[in-house]
Amino acid sequence: MQTSYNTKMHTVDKYGWTILEGDTGYSLPESVRTSMVAQGPVEKYVKEKKVAVEIGVYYGFTTRWLSGIFDVVHTFDLKNAVLECFEINMQKFKCDNVISHGHGLGSENAQVDYPYSEDTPTYMNIGNMERFTPKKQQIKKLDDCNIGSIDFIMIDTEGYGANVVKGATKTILDNKPVIVCKTDGAPALLNNLGYSFIQQVSKNDALYLHKDQV
């Protein structure tokens, strides 16, 4: 994991989380609450709790919880100041079973423009966009990451979920993991892979199970 510190960081002393200074979208109690949308689905539906994959990690609130439940947690996110905060938090909270992959996931192995944008700049919208230096970022297909068996996948990529699923088709079909994802285009693809909507777990997140698991 990375250990370098960014000058635009500070620690929330009361709780110990490292976050970006001046992050206008940040509120710890609310962020922890909304980041725990994985808890119900994992506790109720995930039978084997060996490997979890989290795509889009923010500061690591959900990751910290997942690391206490699963043997291994693989995380994927683009290289930026938020990822530095995340990796510092994982070290601080001794989440030693978290493997942080410093690249995003998508439908191909390529360099993409960052912040991501198709019709609107929706991929990163935390605070001041000056925090995220525009540059090319590496994305890969989950199918090519050689993780092996996966029991749970969480996708929170602010509009890029459909591309993530396209690049994870073989992995999903081989493992049939429990999936929690944003309702941003990925659900239609999951339906084509034999998944059914089970329930809304937050305003913008939904739980999907493969027909063989229902």
Below 30° counts as parallel, above 60° as perpendicular, anything between as tilted: where do the rings of [X] and [Y] land?
X: Tyr195; Y: His210; value: perpendicular
X: Tyr58; Y: Phe61; value: perpendicular
X: Phe197; Y: Tyr208; value: perpendicular

Compare every heavy atom of [Y] with every heavy atom of [X], then report the nearest pair and how far apart it is.
X: Ile150; Y: Pro177; result: O-CB, 3.6 Å
X: Thr157; Y: Gly161; result: OG1-N, 3.1 Å
X: Tyr59; Y: Leu20; result: OH-N, 3.1 Å
X: Leu190; Y: Cys181; result: CD1-SG, 3.8 Å
X: Ser67; Y: Asn97; result: O-ND2, 2.8 Å
X: Gln200; Y: Ala206; result: OE1-CB, 4.1 Å

Derivation of the side chain to side chain contact (heavy atoms under 4.5 Å, CB included) call for Asp151 and Asn175:
CA-CA 7 Å; Asp151 305 297; Asn175 295 275; over 6 Å; no
Can you check whether [X] reaches [Y] side chain to side chain, under 4.5 Å on heavy atoms?
X: His103; Y: Cys145; answer: yes
X: Thr169; Y: Leu193; answer: yes
X: Phe70; Y: Val42; answer: yes
X: Lys141; Y: Lys170; answer: no
X: Val51; Y: Asp71; answer: no
X: Ile69; Y: Phe152; answer: no
X: Val53; Y: Met154; answer: no

If you measure from [atom1] on [X] to [atom2] on [Y], what distance do you get to the nearest 0.5 Å?
X: Tyr160; Y: Lys166; atom1: OH; atom2: NZ; result: 9.5 Å
X: Ser100; Y: Leu83; atom1: OG; atom2: CG; result: 5.0 Å
X: Asn109; Y: Ile139; atom1: CG; atom2: CD1; result: 8.0 Å
X: His101; Y: Thr75; atom1: NE2; atom2: OG1; result: 6.5 Å
X: Ile153; Y: Ile172; atom1: CD1; atom2: CD1; result: 5.0 Å
X: Thr63; Y: Phe86; atom1: OG1; atom2: CZ; result: 4.0 Å

Between Lys44 (side chain only) and Pro41 (backbone N and O only), is there a donor and an acceptor less than 3.5 Å apart?
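Between the backbone of Pro41 and the side chain of Lys44 there is no qualifying donor-acceptor contact (under 3.5 Å).
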Is Gln137 reaching over with its side chain to a backbone N or O of Lys79, donor-acceptor style, under 3.5 angstrom?
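Confirmed, Gln137 side chain pairs with Lys79 backbone.
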Is it true that Lys92 and Thr18 share a donor-acceptor pair across their side chains at a distance under 3.5 Å?
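Looking only at side-chain atoms, Lys92 and Thr18 do form a donor-acceptor pair, the distance falling under 3.5 Å.
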Is a donor from one side chain sitting under 3.5 angstrom from an acceptor on the other, for Gln111 and Gln138?
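Yes, a side-chain donor-acceptor pair sits under 3.5 Å.
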Residues, nucleotides or ligands: over 12 heavy atoms within 6.0 Å of Lys49 NZ:
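Counting neighbours around NZ of Lys49, more than 12 heavy atoms of other residues, nucleotides or ligands fall under 6.0 Å, so yes.
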Partner of Leu142 under side chain to side chain contact (heavy atoms under 4.5 Å, CB included), chosen from Val164, Ile147, Ile155, Val165:
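Exactly one candidate clears the test, Ile147.
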Evaluate side chain to side chain contact (heavy atoms under 4.5 Å, CB included) for Asp205 paired with Lys182, printing each intermediate quantity in order.
CA-CA 4 Å; Asp205 299 273; Lys182 294 290 184 185; 3.2 Å; yes
